[in-house]
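Down below is the structure, laid out as structure tokens.
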Amino acid sequence: MAPTGCSCFPVTLERSKKGSFKFVRNSSSLSGSSKSLSLKKKSRIQEKNSELIVCFGEMLIDFVPTSAGVSLADADGFKKAAGGAPANVAVGISRLGGSAAFMGKVGKDEFGYMLADILKENNVDNSGMRFDPHARTALAFVTLRSDGEREFMFYRNPSADMLLQEKELDVNLIKKAGIFHYGSISLIEEPCRSAHLAAMDIAKRAGCILSYDPNLRLPLWPSAEAAQKGIMSIWNQAEIIKISEEEIEFLTGGDDPYDDEVVLKKLYHPNLKLLLVTEGPAGCRYYTKEFKGKVAGIKTDAVDTTGAGDSFVAAILNSLGSDINLYKDEQKLREALLFANGCGALTVQKKGAIPALPTKEAVNQLLQQTTD
């Protein structure tokens, strides 16, 4: 059932600072006035920033129970937190000192304005956001088990993120990026699927590195078969991929997710520069054309695992943004992955995704404590 409003559950909502948010005109609407732009200004618009990472896809509101280990029906209350994997990654990059932008669609409603302000407050470029006056910002209710793992119930039928159109893409923003990052949820429905594919094509032609985290959410797909087919439909175009062991098992039809041969034969492809497999607190594995290995995780007490994978992705993309050839040097790659594991370990210690994303200083402090 599609949500018709936001007053059906007890939650306190502070009004967003609409006055502080500036709508940005779609780049396509500039065509009429482009003749008046000087050549110098045009070249500045097209200028490449190899450290800029554009994250494309959904941004939504996660409602997390205030108590763990209960069903949604039994929860006494919920804490709202900004979420959506691509947006989480963008904020994670910014928290670590990197340059990030988010591109996607939200409702022209209180939650949509709130999310835009949260990006702005976290120094994420939100000029690629679009606002739909006819659809609500997506909501997700997240059940926390006693071990911090999650179950989801989504309200998006349709939500604004599903309705992004190709003509609404900020083409200049994509072209300026060094890395273009995305998930698979934006592939589920039209018109967003076509917008997603068009954005990938623009990024590829502009020389961006394509980064993919499938972020499997089966309840959102029409069927498991549709999910497998949709996720794999763009698999061979990505140059950086992050997956979990559960996603390996799903995508390979039940094969052993810890078997290197399974990963290399069924999931590695010639266009890949780096394939990463996260294993939660156990750490991560890495695969390149030249080498493969594993970096141990950092043990911590998990309160909420929401956003841990996104925090990991933000860290490794931020490292690659500073040194795009990082994946060629195994020692440097291992150091970057240890740092990424530290990001994930800190993120699970707090509820919600964006509120829990760490700073570089906090991660360095954690790593220092674990090596002493």
Short side-chain donor-acceptor distance under 3.5 Å, [Y] and [X]:
X: T137; Y: D109; result: yes
X: Q237; Y: Y212; result: no
X: Y258; Y: R285; result: no

Could you tell me whether the side chain of [Y] reaches within less than 4.5 Å of the side chain of [X], counting heavy atoms only?
X: L187; Y: L197; answer: yes
X: N88; Y: V313; answer: no
X: E168; Y: P191; answer: no
X: M59; Y: I354; answer: yes
X: D161; Y: L60; answer: no
X: D170; Y: V54; answer: no
X: L164; Y: L169; answer: yes
X: I174; Y: F56; answer: no

Find the distance between [atom1] ([X]) and [atom2] ([Y]) and round it off to the nearest 0.5 Å.
X: L274; Y: L333; atom1: CG; atom2: CG; result: 5.5 Å
X: K242; Y: L275; atom1: NZ; atom2: CG; result: 11.0 Å
X: M162; Y: E190; atom1: CE; atom2: CD; result: 11.0 Å
X: L216; Y: I248; atom1: CG; atom2: CD1; result: 12.5 Å
X: F111; Y: K80; atom1: CZ; atom2: NZ; result: 7.0 Å
X: I185; Y: R217; atom1: CD1; atom2: CZ; result: 6.0 Å

So which atom in [X] and which in [Y] form the shortest heavy-atom distance, rounded to 0.1 Å?
X: A82; Y: P355; value: O-CD, 4.5 Å
X: T305; Y: V348; value: CA-CG1, 3.8 Å
X: A356; Y: K350; value: CB-CB, 3.6 Å
X: S159; Y: A135; value: C-CB, 4.1 Å
X: N126; Y: K120; value: ND2-CB, 3.8 Å
X: N236; Y: H269; value: O-CE1, 3.3 Å

Without swapping roles, check the side chain of [X] against the backbone of [Y] for a donor-acceptor pair under 3.5 Å.
X: K175; Y: G207; result: no
X: S311; Y: C343; result: yes
X: Y268; Y: K289; result: yes
X: W221; Y: I188; result: no
X: T347; Y: G307; result: no
X: D62; Y: V64; result: no
X: S94; Y: V91; result: no
X: S211; Y: H181; result: no
X: D213; Y: N215; result: yes
X: E239; Y: L210; result: yes

Show the numbers, then the answer: is there a side-chain contact (heavy atoms from CB on, under 4.5 Å) between E247 and I231?
CA-CA 10 Å; E247 288 165 344; I231 289 171; over 6 Å; no
Take atom [atom1] of [X] as the centre, draw a 6.0 Å sphere, and report whether it contains more than 12 heavy atoms from other residues, nucleotides or ligands.
X: D301; atom1: CG; result: no
X: K265; atom1: NZ; result: no
X: Q165; atom1: CD; result: yes

Evaluate side-chain contact (heavy atoms from CB on, under 4.5 Å) for F180 paired with K204, printing each intermediate quantity in order.
CA-CA 9 Å; F180 185 72; K204 186 66 175 177; over 6 Å; no
Treat each ILVMFWY residue as a node, draw an edge where side-chain heavy atoms are under 4.5 Å apart, and state whether L163 and I61 are in one component.
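Per the 4.5 Å side-chain linkage, L163 and I61 are not co-clustered.
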When you group the ILVMFWY residues by side-chain heavy-atom contacts below 4.5 Å and let the links chain together, are V363 and L320 in the same group?
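L320 clusters together with V363.
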Evaluate H196 against I234 for side-chain contact (heavy atoms from CB on, under 4.5 Å), listing each step before the verdict.
CA-CA 10 Å; H196 181 145; I234 60 170; 3.9 Å; yes
Could you label the plane-to-plane angle of the F63 and F78 rings as parallel, tilted or perpendicular, counting under 30° as parallel and over 60° as perpendicular?
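Geometry flag for F78 against F63: perpendicular rings.
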Ion pair present between E279 and K294, side-chain N to carboxylate O less than 4.0 angstrom?
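Counted as a salt bridge, because a side-chain N and a carboxylate O are separated by less than 4.0 Å.
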Starting from the C-alpha separation in whole Å, work towards a yes-or-no answer on side-chain contact (heavy atoms from CB on, under 4.5 Å) for V106 and Y113.
CA-CA 8 Å; V106 293; Y113 291 125; over 6 Å; no
